[in-house]
Number of protein chains: 2
Amino acid sequence: MKTTIRDVAREVSLSHTTVSRVLNGREDIAIPDITRRRVEEAARALGYRVNPAARALATGRTGVVSLWASGVYRAFWADVIVQVEGQARRAAYELIINDLSARVGRPADDDPSVWPIDGILALGCPAEVAAYLALPASQRQPLVSMGVYHNEKTDFVGLELGGATRQALRHLLSVGCRRIAYVGPLNLNADDPRRVAYEEEMRESEKAPQMMGVPGGSHRGTRAAARRLIIDYHKTHGLPDGLFCHNDEIAIGAYRGLCDLGVRVPDDVAIVGCDGIEDTEYLETPLSTIALPLEAMCEQAWRLLSRRWAKPEASVEGVHLPAQFVPRASSLRAPA
Amino acid sequence: MKTTIRDVAREVSLSHTTVSRVLNGREDIAIPDITRRRVEEAARALGYRVNPAARALATGRTGVVSLWASGVYRAFWADVIVQVEGQARRAAYELIINDLSARVGRPADDDPSVWPIDGILALGCPAEVAAYLALPASQRQPLVSMGVYHNEKTDFVGLELGGATRQALRHLLSVGCRRIAYVGPLNLNADDPRRVAYEEEMRESEKAPQMMGVPGGSHRGTRAAARRLIIDYHKTHGLPDGLFCHNDEIAIGAYRGLCDLGVRVPDDVAIVGCDGIEDTEYLETPLSTIALPLEAMCEQAWRLLSRRWAKPEASVEGVHLPAQFVPRASSLRAPA
DNA sequence: ATGAAAGCGCTAACAA
DNA sequence: TTGTTAGCGCTTTCAT
């Protein structure tokens with residue numbers, strides 16, 4: 001059987017209460033050093049390990065934080081997981097990963113199997129976040145909403161894409177692009193900040209917007225789908241001379257498609273992607289992209305969560321983090 | 001306050017015992033359908049959510065599985081996380097991610113903050129796995145060891161790289177490489193199966209082995225380090241005509257370095273990588289690689305874990321999964 | 001078909 | 001300085 005604090009207590013002829021106090025390092029309670037030592041030694045000797053379920057039941061805190069994401073496949077989510085895991089570890093928390101996109105049936109808020117966590121970091125997942133926030137406050141844990149699609153009704157760290165997108169588009173215009181298409185998922189939201197910025201910029205520069213829809217959303221086959229899309233367009237509609245891609249996966253696929261067709265990048269077609277994933281640097285023609293401040297986002301999110309634990313009643317706090325346009329060879333050519 | 005089964009019981013004028021039985025779907029206990037319905041309705045109305053900490057304390061099972069990995073940065077680990085998360089979710093388990101590489105201090109086995117999980121899936125982490133297995137059985141949970149560096153003293157799913165590596169090297173020889181270097185981390189294990197296969201093949205074909213060490217291990221800067229290494233070698237030692245790269249990150253970096261130097265791939269230097277990450281397909285010259293059966297690995301690992309839960313006393317079972325060499329343009333040229 | 005009572009291992013008032 | 005006692009919310013015998 002597992003050793004419990006009572007076993008340890010018996011060993012040193014003390015009450016389990018004292019053992020609990022020692023093992024929890026309660027310096028606020030006067031206990032002679034000799035006693036402490038004896039307890040610690042006995043605990044070690046017996047191989048005592050705390051039972052967090054019991055502790056959680058007694059304290060109401062679990063030491064676990066959940067990361068909500070919808071589809072862990074997008075390359076930058078691995079980065080987010082690493083960052084968040086690091087934050088959690090440093091704070092002696094455990095991290096549970098919940099891929100909500102794959103969740104069958106109802107959203108997480110009425111999924112009874114969800115572990116009782118002390119807090120939630122949600123990357124995107126706007127629908128689930130909204131549903132969760134609709135629960136009575138007594139039934140919720142603190143939730144920090146992160147990402148491009150964040151929710152400002154709770155603590156949040158927003159990734160702002162509008163400025164960088166505008167910059168990217170002006171850049172494309174400045175190198176002489178006259179027909180810039182937006183390559184994004186078929187079911188793209190009308191109020192996606194990239195799309196909004198795109199439409200505004202096109203209007204302002206009096207160019208016709210052109211949406212190119214990649215079927216199938218952004219899953220692992222995105223690159224292949226984008227590649228095919230480009231090849232199809234080449235045959236049917238002809239190609240634009242500039243591509244703003246909704247994300248780097250799409251950009252990489254599109255780039256590949258162009259290479260297959262023998263189209264030169266950036267000379268014939270200039271490309272800009274979005275997300276700043278590492279792969280974009282290692283193509284023969286490194287892709288221009290929009291870099292996301294992921295590390296800062298995760299840091300801030302953890303800070304907000306800690307703050308919420310410390311002051312449950314504090315008013316909502318949010319941070320806006322601007323993304324940054326990173327011009328690279330795929331869109332650099334002599335100005336028109 | 002949170003609603004408990006007692007609240008629900010009060011609402012329907014039954015004992016909390018009955019409520020528990022209904023809510024757990026205990027069909028083995030005779031309860032009239034009307035009663036069941038009433039209970040379920042009340043539970044819904046009151047917004048009842050089970051408290052898993054309490055359940056865990058009562059049952060001794062937590063419904064949580066931990067994934068040990070050492071450095072979540074390697075590209076294919078995102079895939080592993082997705083796969084494992086999927087397996088867990090389908091079985092109504094939660095997944096905790098533990099990045100042991102970043103763990104300061106002692107290995108996980110004496111880290112008291114580790115949540116009591118029902119089982120562990122360990123990808124690599126040979127040292128931590130060995131330390132864990134050294135604990136008395138009564139203090140451990142089932143652990144399945146996965147990956148190239150797996151431990152066969154517990155249930156395991158081994159990734160076998162030897163065969164594919166040999167195939168890759170013979171392939172390089174067959175296209176005329178006469179000087180094949182192994183590009184790997186500086187601190188590479190002497191018994192790494194890739195390295196062993198490399199040394200054997202070199203011996204058998206009477207070629208001199210040449211190790212090229214990438215500083216810094218396989219972290220996010222690997223690509224950059226490999227790129228630099230290649231460039232340095234070009235100046236100092238001259239370049240081999242074939243590169244077997246320890247992993248795809250290194251291969252991509254090396255490839256990039258060669259491009260920078262104007263060296264043609266595969267004509268001047270042929271490259272093979274290892275891991276089968278997606279990026280290798282999207283370079284102008286797609287890289288030959290060794291594809292890992294990750295999906296099968298995760299499936300098998302979950303199967304073994306379930307089996308262990310069902311039969312705690314069963315004898316150790318293990319599976320060996322061979323990796324597969326995937327020749328692509330980076331090593332395809334007319335045979336010598 | 002339903003309930004009473006015990007107990008999972010721990011923390012935390014309250015006593016001594 | 002240490003111990004007693006009472007839960008935390010749930011599952012599970014054992015009665016009825």
Side-chain angles (χ1 to χ4, degrees), chain A residues 1-40 42-43 46-64 112-118 138-139, chain B residues 1-40 42-43 46-64 112-118 138-139:
Chain A
M1 278 311 302
K2 296 262 183 199
T3 30
T4 72
I5 44 174
R6 286 178 219 266
D7 297 328
V8 178
R10 199 173 314 116
E11 188 74 10
V12 291
S13 309
L14 284 168
S15 75
H16 69 280
T17 310
T18 306
V19 172
S20 166
R21 299 202 259 244
V22 171
L23 263 23
N24 282 338
R26 294 286 299 262
E27 297 294 350
D28 55 324
I29 291 162
I31 299 176
D33 273 3
I34 321 105
T35 309
R36 287 193 190 266
R37 215 107 47 182
R38 282 177 55 227
V39 170
E40 279 158 5
L46 296 178
Y48 170 77
R49 328 284 313 275
V50 68
N51 177 334
R55 172 181 283 169
L57 186 56
T59 62
R61 298 200 55 174
T62 60
V64 177
S113 81
V114 165
W115 191 258
I117 61 283
D118 290 342
S138 66
Q139 291 181 33
Chain B
M1 279 313 302
K2 296 259 183 200
T3 28
T4 72
I5 45 173
R6 284 176 223 268
D7 297 329
V8 178
R10 198 174 314 115
E11 188 75 10
V12 292
S13 309
L14 283 170
S15 74
H16 69 279
T17 310
T18 306
V19 172
S20 166
R21 298 203 260 246
V22 171
L23 263 24
N24 283 337
R26 294 285 299 261
E27 298 294 351
D28 53 322
I29 289 161
I31 299 176
D33 273 3
I34 321 105
T35 309
R36 288 191 189 267
R37 214 106 50 182
R38 281 177 55 226
V39 170
E40 279 157 5
L46 296 178
Y48 170 76
R49 328 285 311 277
V50 69
N51 178 332
R55 171 180 283 170
L57 186 56
T59 61
R61 298 202 51 176
T62 60
V64 177
S113 80
V114 164
W115 192 257
I117 60 283
D118 289 342
S138 66
Q139 292 181 31

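Note that this is a predicted model, so its numbers are computed, not measured. Every chain is numbered from 1, with letters handed out A, B, ... down the list of sequences.
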> Rounded to the nearest Å, what distance is computed from the CG atom of residue Asp28(B) to the P atom of nucleotide dT11(D)?
Replying inline: 13 Å

Below 3.5 Å is the cut-off: list the nitrogen or oxygen pairs between protein and nucleotides 6-8 of chain D, distance only.
from	atom 1	to	atom 2	distance (Å)
dC8(D)	O2	Leu57(A)	O	3.4
dC8(D)	O2	Ala58(A)	N	3.3

> Which part of the nucleic acid does Arg26(A) contact within heavy-atom distance under 4.0 Å: base, sugar-phosphate only, or nothing?
Replying inline: sugar-phosphate

> Hey, does Leu23(B) have a side-chain heavy atom less than 4.5 Å from the side chain of Ile5(B)?
Replying inline: yes

> Quick one: do the Thr18(B) and Ser15(B) side chains pair a donor with an acceptor below 3.5 Å?
Replying inline: yes

> Atom CG of Leu14(B) and atom C1' of dT2(C): how far apart are they, to the nearest Å?
Replying inline: 8 Å

> Val19(A) versus Tyr48(A): any side-chain heavy-atom pair under 4.5 Å?
Replying inline: no

> So, is Ser20(B) near the phosphate of dT11(D), with a side-chain N or O under 4.0 Å from OP1 or OP2?
Replying inline: yes

> How many Å lie between CG on Leu23(B) and P on dG9(D), as a whole number?
Replying inline: 16 Å

>> Between Asn51(B) and Thr4(B), is there a side-chain heavy-atom distance shorter than 4.5 Å?
In response: no

> Within the structure shown, what part of the strands sits under 4.0 Å from Ile5(A) by heavy-atom distance: base, sugar-phosphate, or nothing?
Replying inline: base

>> Tell me the interatomic distance from Asn24(B), atom CG, to dG9(D), atom C1', rounded to whole angstroms.
In response: 12 Å

> In whole angstrom, what separates Ile31(B)'s CD1 from dT12(D)'s C1'?
Replying inline: 13 Å

>> If I take atom CG in residue Asp33(A) and atom P in nucleotide dT1(D), what distance separates them, rounded to the nearest angstrom?
In response: 10 Å

>> Side-chain N or O of Ser15(A) versus OP1/OP2 of dG3(D): is the shortest distance under 4.0 Å?
In response: yes

> Quick check: does any side chain N or O of Arg38(B) sit under 3.5 Å from a backbone N or O of Val12(B), one acting as donor and the other as acceptor?
Replying inline: yes

> For Ile34(A) and dT1(D), what is the distance between atoms CD1 and P respectively, to the nearest whole Å?
Replying inline: 9 Å

Kindly give the atom pairs (protein nitrogen or oxygen, nucleotide nitrogen or oxygen) under 3.5 Å for nucleotides 13-16 of chain D.
none

>> Quick check for you: to the nearest 0.5 Å, what is the distance between Arg21(B) atom CZ and Glu27(B) atom CD?
In response: 13.0 Å

> Is there a side-chain contact between Val22(B) and Ile31(B) (heavy atoms, below 4.5 Å)?
Replying inline: yes

> Arg55(A) versus Asn24(A): any side-chain heavy-atom pair under 4.5 Å?
Replying inline: yes

>> Quick check on side-chain contact (heavy atoms from CB on, under 4.5 Å): which of Ile34(A), Thr35(A), Asp33(A) does Arg37(A) satisfy it with?
In response: Asp33(A)

